[in-house]
Participant: 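Just passing along the structure, written as structure tokens.
All residue numbers in this chain count up from 1 along the given sequence.
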Amino acid sequence: MVFYTPGHCWQFRIISRTGGIFGEQKIFYTAEAALRTGLEWLRDER
């Protein structure tokens with residue numbers, strides 16, 4: 001999930017089928033950057 005925060009930046013979280021929430025607290029200035037990093041994070045965590 002990519003979302004816009006009240007601090008005016010973008011972040012991502014990975015939500016598992018069982019409801020677990022994973023990700024980082026890093027901020028991104030575009031939705032595309034957050035999405036790209038989230039997809040890379042998924043690839044690296046497997």
Side-chain angles (χ1 to χ4, degrees):
M1 172 170 67
V2 172
F3 59 95
Y4 195 72
T5 70
H8 305 290
C9 60
W10 294 90
Q11 292 186 340
F12 75 90
R13 296 295 182 274
I14 308 301
I15 303 171
S16 73
R17 291 181 184 172
T18 59
I21 300 172
F22 306 93
E24 300 177 344
Q25 295 290 325
K26 292 181 181 179
I27 62 171
F28 301 92
Y29 295 104
T30 66
E32 291 81 12
L35 176 61
R36 183 174 50 252
T37 303
L39 292 172
E40 289 172 4
W41 191 87
L42 276 175
R43 184 192 70 224
D44 294 343
E45 292 297 315
R46 288 185 172 195

Participant: Tabulate below the donor-acceptor pairs under 3.5 Å that side-chain atoms of residues 7-25 make, not counting sequence neighbours, or state none.
Facilitator:
residue: Gln11; atom: OE1; partner: Arg13; partner atom: NH2; Å: 3.1
residue: Gln11; atom: NE2; partner: Gln25; partner atom: O; Å: 3.2
residue: Arg13; atom: NH1; partner: Glu24; partner atom: O; Å: 2.9
residue: Ser16; atom: OG; partner: Thr18; partner atom: N; Å: 3.3
residue: Ser16; atom: OG; partner: Thr18; partner atom: OG1; Å: 3.1
residue: Ser16; atom: OG; partner: Gly19; partner atom: N; Å: 3.4
residue: Ser16; atom: OG; partner: Gly20; partner atom: N; Å: 2.9

Participant: Looking only at non-hydrogen atoms, find the nearest pair between Val2 and Ala31 and report the distance.
Facilitator: CG1-O, 3.9 Å

Participant: Can you tell me if Phe3 has over 12 outside heavy atoms packed within less than 6.0 Å of its CZ?
Facilitator: yes

Participant: State plainly whether one hydrophobic cluster holds both Tyr4 and Leu35, where clusters connect Ile, Leu, Val, Met, Phe, Trp and Tyr through side-chain heavy atoms under 4.5 angstrom apart.
Facilitator: yes

Participant: Supply the atom-to-atom distance Arg36 CZ to Glu40 CD, rounded to the nearest 0.5 angstrom.
Facilitator: 7.0 Å

Participant: CG of Asp44 to CG of Leu39: how many Å apart, nearest 0.5 Å?
Facilitator: 11.0 Å

